[in-house]
Student: 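Below is the structure I would like to discuss, written out as structure tokens.
All values derive from a computational prediction rather than experimental measurement.
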Amino acid sequence: MRIAVVEDDDGVGDALVDALTEVGHDPVRMRRGADLLLGYHGMGVVLLDLGLPDMDGLEALRKLRTLSSVPVVVLTARRPARSAPPR
């Protein structure tokens, strides 16, 4: 399966590419949201980091959704927003 690995951190991106290749997939490394929006064609799934250098990953995902319904898995070190405590 062709898998878009959208990750700007070389350590994380290289590790994902190596692991996916080892189990028989065809990962395509992308470092920016713009790369994804231009290169999503033919991908079976997208692994998407939220902290990209050119745009927020959620913005990239919103733009991708206007073009494609390819499955997306978000991988990020970003902390989730804190919700208000229950009353």
Side-chain angles (χ1 to χ4, degrees):
M1 174 188 307
R2 288 190 75 205
I3 300 175
V5 177
V6 188
E7 171 61 68
D8 64 319
D9 181 287
D10 286 333
V12 174
D14 291 347
L16 287 168
V17 166
D18 290 347
L20 291 167
T21 301
E22 189 173 310
V23 295
H25 294 291
D26 180 20
V28 177
R29 178 74 188 281
M30 301 177 186
R31 289 175 173 80
R32 301 174 316 130
D35 299 334
L36 172 62
L37 297 174
L38 293 172
Y40 68 90
H41 303 282
M43 297 298 162
V45 69
V46 173
L47 301 182
L48 177 64
D49 181 30
L50 295 184
L52 300 173
D54 63 334
M55 70 178 73
D56 182 80
L58 292 176
E59 178 185 352
L61 177 56
R62 280 191 283 277
K63 289 180 178 183
L64 177 64
R65 280 293 164 251
T66 67
L67 304 169
S68 173
S69 61
V70 61
V72 175
V73 176
V74 174
L75 303 175
T76 190
R78 184 183 291 180
R79 299 178 104 187
R82 295 181 64 185
S83 59
R87 293 185 181 195

Student: Taking salt bridge (Lys or Arg N to Asp or Glu O under 4.0 Å) as the cut-off, I'd like each qualifying pair that reaches into residues 56-69, sequence neighbours left out, listed once.
Tutor: Asp56-Arg78, Glu59-Lys63
Student: When hydrophobic residues are tied together by side-chain contacts of less than 4.5 Å, even through go-betweens, does Leu64 share a cluster with Leu38?
Tutor: no
Student: Please enumerate all residues that pass side-chain hydrogen bond (donor to acceptor under 3.5 Å, both in side chains) together with Asp35, with sequence neighbours excluded.
Tutor: Arg32
Student: Any side-chain heavy atom of Leu16 sitting closer than 4.5 Å to one from Ile3?
Tutor: no
Student: Please tabulate, one pair per line, all N/O donor-acceptor pairs under 3.5 Å involving side-chain atoms of residues 39-53, not counting sequence neighbours.
Tutor:
none

Student: Are Leu37 and Met55 close enough, and set up right, to give a side chain to side chain contact (heavy atoms under 4.5 Å, CB included), and what steps lead you there?
Tutor: CA-CA 11 Å; Leu37 297 174; Met55 70 178 73; 4.1 Å; yes
Student: Please give me the minimum heavy-atom distance between Thr21 and Val17, naming the atom from each residue.
Tutor: OG1-O, 2.8 Å
Student: Treat each ILVMFWY residue as a node, draw an edge where side-chain heavy atoms are under 4.5 Å apart, and state whether Val74 and Val28 are in one component.
Tutor: yes
Student: Which residues satisfy the side-chain hydrogen bond (donor to acceptor under 3.5 Å, both in side chains) test with Asp54, sequence neighbours excluded?
Tutor: none
Student: Determine, using the 4.5 Å side-chain heavy-atom cutoff (strictly less than), whether Met1 and Val72 are members of one ILVMFWY cluster.
Tutor: no
Student: side-chain hydrogen bond (donor to acceptor under 3.5 Å, both in side chains) with Asp14: which residues, sequence neighbours excluded?
Tutor: Arg29
Student: Using the test side-chain hydrogen bond (donor to acceptor under 3.5 Å, both in side chains), find all partners of Asp18 that sit at least two apart in sequence or belong to another chain.
Tutor: none
Student: Restricting to salt bridge (charged side-chain N to carboxylate O under 4.0 Å, His left out), what partner residues turn up for Asp26, sequence neighbours left out?
Tutor: Arg2
Student: Is it true that Leu58 and Met30 fall in one hydrophobic cluster, defined by side-chain heavy atoms closer than 4.5 Å?
Tutor: yes
